[in-house]
Novice: 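Before anything else, here's the structure in question.
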Amino acid sequence: MATIRNIGLIAQLRSEASSHIIRYRGGRVRESGRGLVFWFRPETASISEVPVDDRETTLFVRGRSRDFQTVAVQGTIGWHVVDPELLATRVDFSINLATGRLQGEPIERIEARLNGIAGQAVLQHLGAKPIGALLDAGPEPLRLTLEAVLAEAPALAEIGVAVVSVRLTNLAPTSELERALQTPTFEALQQKADEATFARRALAVEKERAIAENELATKTELARRETLLIAQEAQNARDRAAGLAEAQGLEAAAEAERIRLVEGATIDAEQRRAAIYRDMPPTVLLGLAARELAGKLDTIEHLNVTPDLLASALGEFRRAMPLPITPR
């Protein structure tokens with residue numbers, strides 16, 4: 001915006017480099033340029049200020065596809081003035097000479113023209129294709145179409161305005177249609193998620209089964225080893241019992257053999273003694289018996305000797321005495 005300083009009957013205008021100033025007097029252009037500073041008489045001058053910097057206007061168009069589905073397009077259009085004097089003749093950019101402000105709204109008029117041209121091109125593009133093709137292609141084909149249409153638009157060239165850029169930030173259906181279009185994809189993704197969940201569960205079940213089988217195999221192996229241990233212990237017990245029985249058998253056999261030898265020796269001694277006693281005279285046996293009996297008795301209170309016993313004993317004694325040898 002230009003800065004105007006009023007001093008009495010004259011005033012000074014100071015403009016920015018981004019603004020093109022055109023001063024008219026008497027219906028003719030007296031001064032024209034960017035960033036001008038000059039003195040003028042307000043009662044005889046008419047001044048226009050045309051911005052020549054790059055500007056952007058918002059684009060929002062709601063249209064229908066060929067299959068009657070609503071589509072919203074949103075973006076921005078960048079433009080600038082290429083012929084300020086031509087534009088000043090077609091659009092009022094005059095300023096208030098007291099404040100330096102624009103008296104009308106010329107920028108809004110230019111943006112309205114841009115939006116009108118762009119909106120018509122957007123509606124034609126949307127109506128030529130079904131919603132599926134539009135969404136699959138995205139905003140880039142429409143952006144290229146808009147650039148071509150706006151670059152060749154006579155309505156812009158005739159006022160000295162050119163489009164420098166077109167950016168589309170969104171090309172989307174209504175929320176209801178978007179949810180409907182998202183449903184198959186969502187269902188497919190949900191199905192994949194369910195499959196992944198089922199796969200994880202199956203893997204977990206498989207791992208649990210493997211763990212259970214491993215535990216069962218471990219228990220089976222432990223039981224088998226325990227069975228072998230019990231069998232081995234039983235075998236060891238049987239071996240110990242057999243060894244003990246064998247040892248006892250050997251001891252019994254040895255004891256029996258000892259007893260047999262002792263008994264045999266005793267019998268043999270008795271037989272020898274009996275043989276000795278068999279050849280002895282009765283009187284000797286009787287004496288031996290008496291001596292044996294006397295050894296077994298502590299005291300003898302009475303002893304009866306009959307004449308027959310005495311006679312018999314003396315007779316045996318004489319027979320046992322050796323005959324005397326008669327000297328010659």
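Residue numbers run from 1 in the order of the sequence given.
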Novice: To the nearest 0.5 Å, what is the distance between CZ on Arg200 and CG on Leu203?
Specialist: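 So the CZ of Arg200 and the CG of Leu203 are separated by 10.0 Å.
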
Novice: Check whether any side-chain N or O of Arg23 sits under 3.5 Å from a backbone N or O of Ala45 as a donor-acceptor pair, and report yes or no.
Specialist: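 Side chain of Arg23 to backbone of Ala45, a donor-acceptor pair under 3.5 Å: no, none is there.
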
Novice: Is the number of heavy atoms from other residues, nucleotides or ligands within 6.0 Å of CD (Glu16) greater than 12?
Specialist: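 Not more than 12 within 6.0 Å, no.
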
Novice: Can Asn115 and Thr58 be said to form a side-chain contact (heavy atoms from CB on, under 4.5 Å), step by step?
Specialist: CA-CA 8 Å; Asn115 284 320; Thr58 301; over 6 Å; no

Novice: Run through the side-chain heavy atoms of Ile, Leu, Val, Met, Phe, Trp and Tyr, join any pair under 4.5 Å, and report what else lands in Trp39's cluster.
Specialist: Ile7, Ile10

Novice: If you measure from the Lys or Arg side-chain nitrogens to the Asp or Glu carboxylate oxygens, is any gap between Arg109 and Glu105 under 4.0 Å?
Specialist: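 Between Glu105 and Arg109 there is no salt bridge, as every charged N stays at least 4.0 Å from the carboxylate O atoms.
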
Novice: Considering only Ile, Leu, Val, Met, Phe, Trp and Tyr, and joining two whenever side-chain heavy atoms are under 4.5 Å apart, list the other residues clustered with Val82.
Specialist: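 None; Val82 is a cluster of one.
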
Novice: Output a table of donor-acceptor pairs, distance under 3.5 Å, between side-chain atoms of residues 121-132 and any protein atom two or more places apart or on a different chain; print 'none' if there are none.
Specialist:
none

Novice: For residues 212-219, dump all side-chain donor-acceptor pairs below 3.5 Å to protein atoms at least two apart in sequence or in another chain.
Specialist:
unit_1: Glu213; atom_1: OE1; unit_2: Arg209; atom_2: NH1; d: 3.1
unit_1: Glu213; atom_1: OE2; unit_2: Arg209; atom_2: NH1; d: 2.2
unit_1: Thr218; atom_1: OG1; unit_2: Asn214; atom_2: O; d: 2.7

Novice: Test Ile159 against Arg113 for side-chain contact (heavy atoms from CB on, under 4.5 Å), laying out the working first.
Specialist: CA-CA 11 Å; Ile159 63 174; Arg113 180 173 294 200; 3.1 Å; yes

Novice: Under a single-linkage definition using a 4.5 Å side-chain heavy-atom cutoff for Ile, Leu, Val, Met, Phe, Trp and Tyr, are Leu144 and Leu135 assigned to the same hydrophobic cluster?
Specialist: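 Not linked; separate clusters.
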
Novice: Dump the intermediate steps for salt bridge (Lys or Arg N to Asp or Glu O under 4.0 Å) on Lys192 and Glu195, then the final yes or no.
Specialist: CA-CA 5 Å; Lys192 290 183 179 180; Glu195 291 176 356; over 6 Å; no

Novice: For Ser32 and Glu85, test the side chains for any donor-to-acceptor distance below 3.5 angstrom and give the result as yes or no.
Specialist: yes

Novice: When you check the side-chain N and O atoms of Arg224 and Thr227, is any donor under 3.5 Å from an acceptor?
Specialist: no

Novice: Walk me through whether Phe60 and Gln74 qualify under side-chain contact (heavy atoms from CB on, under 4.5 Å).
Specialist: CA-CA 5 Å; Phe60 181 81; Gln74 187 174 358; 4.1 Å; yes

Novice: Once rounded to the nearest 0.5 Å, what's the spacing between atom CZ of Arg5 and atom CZ of Arg14?
Specialist: 7.5 Å

Novice: In this structure, are over 12 heavy atoms from other groups packed under 6.0 Å from Glu108 atom CD?
Specialist: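 For Glu108, atom CD is crowded (more than 12 foreign heavy atoms under 6.0 Å).
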
Novice: For Pro84, what residues pass the side chain to side chain contact (heavy atoms under 4.5 Å, CB included) criterion, not counting sequence neighbours?
Specialist: His20, Val50, Val52, Val81

Novice: For residues 228-236, dump all side-chain donor-acceptor pairs below 3.5 Å to protein atoms at least two apart in sequence or in another chain.
Specialist:
unit_1: Gln232; atom_1: NE2; unit_2: Asn236; atom_2: OD1; d: 3.1
unit_1: Gln235; atom_1: OE1; unit_2: Arg238; atom_2: NH2; d: 2.6
unit_1: Gln235; atom_1: NE2; unit_2: Asp239; atom_2: OD1; d: 2.9
unit_1: Asn236; atom_1: ND2; unit_2: Gln232; atom_2: O; d: 3.1

Novice: When you group the ILVMFWY residues by side-chain heavy-atom contacts below 4.5 Å and let the links chain together, are Leu36 and Phe93 in the same group?
Specialist: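 Cluster IDs for Phe93 and Leu36 match.
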
Novice: Begin from the C-alpha positions of Ile110 and Leu87 and carry the test side-chain contact (heavy atoms from CB on, under 4.5 Å) through to its verdict.
Specialist: CA-CA 10 Å; Ile110 296 173; Leu87 179 60; 3.8 Å; yes

Novice: Shared ILVMFWY cluster between Val149 and Leu156, side chains joined below 4.5 angstrom?
Specialist: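 Per the 4.5 Å side-chain linkage, Val149 and Leu156 are co-clustered.
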
Novice: Please indicate whether Arg30 has more than 12 foreign heavy atoms, meaning atoms of other residues, nucleotides or ligands, lying under 6.0 Å from its CZ.
Specialist: yes

